[in-house]
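Okay, so here's the structure we're looking at.
Just so we're clear, the structure is a prediction, and the values are computed from it rather than from any experiment.
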Amino acid sequence: MLTLGTFHTLRIDRTTLVGLFLTDEKDDVLLPIKYVPKKFEMNDMIEVFVYLDHEERPVATTLKPYITLGDYAFLRVNYTNEFGAFLDWGLEKDLFVPFQEQARPMEQGKRYMVHMYLDEKTNRLVGSSKINQFLSKEPLHLESGAEVDLIISHITDLGINVIVNGTHKGLVYKNEVYTDSIRPGDKTKGYIKIIRPDGKIDVTFNRIGVEAIEENAQVILDELKASRGFLRLNDNSSPDDIKTILKMSKKTFKKAVGTLYKQKLIEIKDDGIHLLS
């Protein structure tokens, strides 16, 4: 049987009144007529997503779901009933989250971070907001500065909780976040800051080390060019002003400015930074 909850590239095998039958040479699946491309030929290869329809039969679609098997996403609840909650994941049939898989009772219209897995007992795709049970407690063996994939889980007073490489829980501290545009469910790149002896992972959105200085120096250069060669910022500027304009800490700003000054690309005056032509 084709794996549910994933994309497959399948061959068009035959046509029927209700759609196309696709095959991987072992199993067939129906692509309903409403998803059939306007132009096709027999034996063409087509990428589809496979899941169960309302009658619990495997079916293919060319729609792109918001979540795939084993992944995490921030989804909206379409409705609830006595069995659980039904979430919008971009397909005709909603994603079911039973009560026992809800970290707290879900409410219609609200969004929740969920993990999608295949229930072995029912062979159905199911969502769960108890995401910690799917995250590994085994040590993550990565060096400081290693680039990782992040999914924003939820935001607290301490900082931003993230899922690291789809397997581990991490934290970006609040005082290291220089943008207000981050939202739960966002996917972005990050960098390992430190993995503590107890296994807890501190993450940053910014590069670490020499590469970080060079990257931030380029940010300042770009901003100078966009501002006609002048920025009203210097060592006496407030951290909030630097954060607002450049989306970086004052410490990072000072290091990057020092790099540009040593390269004789800028001049630092009382009124701010001037780009040298």
Can you name the side chain to side chain contact (heavy atoms under 4.5 Å, CB included) partners of [X], sequence neighbours left out?
{"X": "Leu118", "value": "Leu4, Leu69, Asn123, Leu125"}
{"X": "Glu55", "value": "Asp53, Arg57"}
{"X": "Gln133", "value": "Glu101, Ser128, Lys130"}
{"X": "Lys189", "value": "Glu147, Asp149"}

If you round to the nearest 0.5 Å, how far is [atom2] of [Y] from [atom1] of [X]?
{"X": "Thr204", "Y": "Ile192", "atom1": "OG1", "atom2": "CD1", "value": "10.5 Å"}
{"X": "Leu233", "Y": "Ile220", "atom1": "CG", "atom2": "CD1", "value": "8.5 Å"}
{"X": "Leu140", "Y": "Lys169", "atom1": "CG", "atom2": "NZ", "value": "14.0 Å"}
{"X": "Arg104", "Y": "Met106", "atom1": "CZ", "atom2": "CE", "value": "8.0 Å"}
{"X": "Arg14", "Y": "Leu20", "atom1": "CZ", "atom2": "CG", "value": "10.5 Å"}
{"X": "Leu275", "Y": "Leu221", "atom1": "CG", "atom2": "CG", "value": "6.5 Å"}

If the condition is side chain to side chain donor-acceptor pair (under 3.5 Å), which residues does [X] pass it with, not counting sequence neighbours?
{"X": "Asp13", "result": "Arg11"}
{"X": "Asp241", "result": "Ser238"}
{"X": "Asp271", "result": "His274"}
{"X": "Lys200", "result": "none"}

[atom1]/[X]: more than 12 non-hydrogen atoms of other groups inside 6.0 Å:
{"X": "Gln100", "atom1": "CD", "value": "yes"}
{"X": "Asp198", "atom1": "CG", "value": "yes"}
{"X": "Glu41", "atom1": "CD", "value": "no"}
{"X": "Glu138", "atom1": "CD", "value": "no"}

Flag side-chain contact, heavy atom, 4.5 Å: [X] against [Y]:
{"X": "Ile242", "Y": "Met248", "value": "yes"}
{"X": "Val148", "Y": "Tyr191", "value": "no"}
{"X": "Ile67", "Y": "Leu75", "value": "yes"}
{"X": "Val50", "Y": "Val59", "value": "no"}
{"X": "Ile151", "Y": "Asp71", "value": "yes"}
{"X": "Lys255", "Y": "Val257", "value": "no"}

Side chain to side chain contact (heavy atoms under 4.5 Å, CB included) between Leu87 and Asp94, worked out
CA-CA 5 Å; Leu87 279 57; Asp94 293 332; 5.8 Å; no

Full working for side chain to side chain contact (heavy atoms under 4.5 Å, CB included) between Leu10 and Thr23
CA-CA 5 Å; Leu10 305 175; Thr23 182; over 6 Å; no

Looking only at atom types and distance, does a side-chain atom of [X] sit under 3.5 Å from a main-chain N or O of [Y], one as donor and one as acceptor?
{"X": "Ser144", "Y": "Lys193", "answer": "yes"}
{"X": "Gln102", "Y": "Val97", "answer": "yes"}
{"X": "Asp88", "Y": "Gly90", "answer": "yes"}
{"X": "Asn234", "Y": "Asp270", "answer": "yes"}

Whether [Y] and [X] form a salt bridge (side-chain N of Lys/Arg under 4.0 Å from carboxylate O of Asp/Glu) is what I want to check.
{"X": "Glu56", "Y": "Lys93", "result": "yes"}
{"X": "Asp119", "Y": "Arg124", "result": "no"}
{"X": "Asp235", "Y": "Lys250", "result": "no"}

In terms of hydrophobic clusters joined by side-chain contacts under 4.5 Å, are [X] and [Y] together?
{"X": "Ile194", "Y": "Val172", "value": "no"}
{"X": "Phe83", "Y": "Leu52", "value": "no"}
{"X": "Leu135", "Y": "Ile201", "value": "no"}
{"X": "Leu260", "Y": "Val219", "value": "yes"}

Asp202 and Arg196: salt bridge (charged side-chain N to carboxylate O under 4.0 Å, His left out), yes or no, with the steps?
CA-CA 8 Å; Asp202 292 352; Arg196 302 180 182 276; 2.4 Å; yes

State, to 0.1 Å, how close [X] and [Y] come at their nearest heavy-atom pair, and which atoms those are.
{"X": "Leu276", "Y": "Ile266", "result": "CD1-O, 3.6 Å"}
{"X": "Ile131", "Y": "Ser153", "result": "CD1-OG, 3.5 Å"}
{"X": "Ser129", "Y": "Ala103", "result": "OG-N, 2.7 Å"}
{"X": "Leu150", "Y": "Gly190", "result": "CD1-CA, 3.6 Å"}
{"X": "Lys26", "Y": "Asp24", "result": "N-OD1, 2.8 Å"}
{"X": "Pro32", "Y": "Ala60", "result": "CD-O, 3.2 Å"}

Side chain to side chain donor-acceptor pair (under 3.5 Å): which pairs involve residues 61-70, sequence neighbours left out?
Glu47-Lys64

With side chain to side chain donor-acceptor pair (under 3.5 Å) as the rule and sequence neighbours excluded, what pairs involving residues 222-233 come up?
Gln218-Asp222

So the ring-ring contact (aromatic ring centres under 6.0 Å, His included) pairs with at least one residue in residues 11-53 (sequence neighbours excluded) are Phe7-Phe49, Phe49-Trp89, Tyr51-Trp89

Could you give all pairs that pass the ring-ring contact (aromatic ring centres under 6.0 Å, His included) test and reach residues 91-119, with sequence neighbours left out?
Tyr72-His115, Phe86-Phe96, His115-Phe134, Tyr117-Phe134

Audit row: Tyr261, Ile268, side chain to side chain contact (heavy atoms under 4.5 Å, CB included) steps and yes/no:
CA-CA 8 Å; Tyr261 182 76; Ile268 303 172; 4.0 Å; yes

Side chain to side chain contact (heavy atoms under 4.5 Å, CB included) between Phe253 and Asn216, worked out
CA-CA 7 Å; Phe253 165 75; Asn216 288 304; over 6 Å; no

Is a side-chain donor-acceptor pair under 3.5 Å present for Thr6 with Thr3?
no

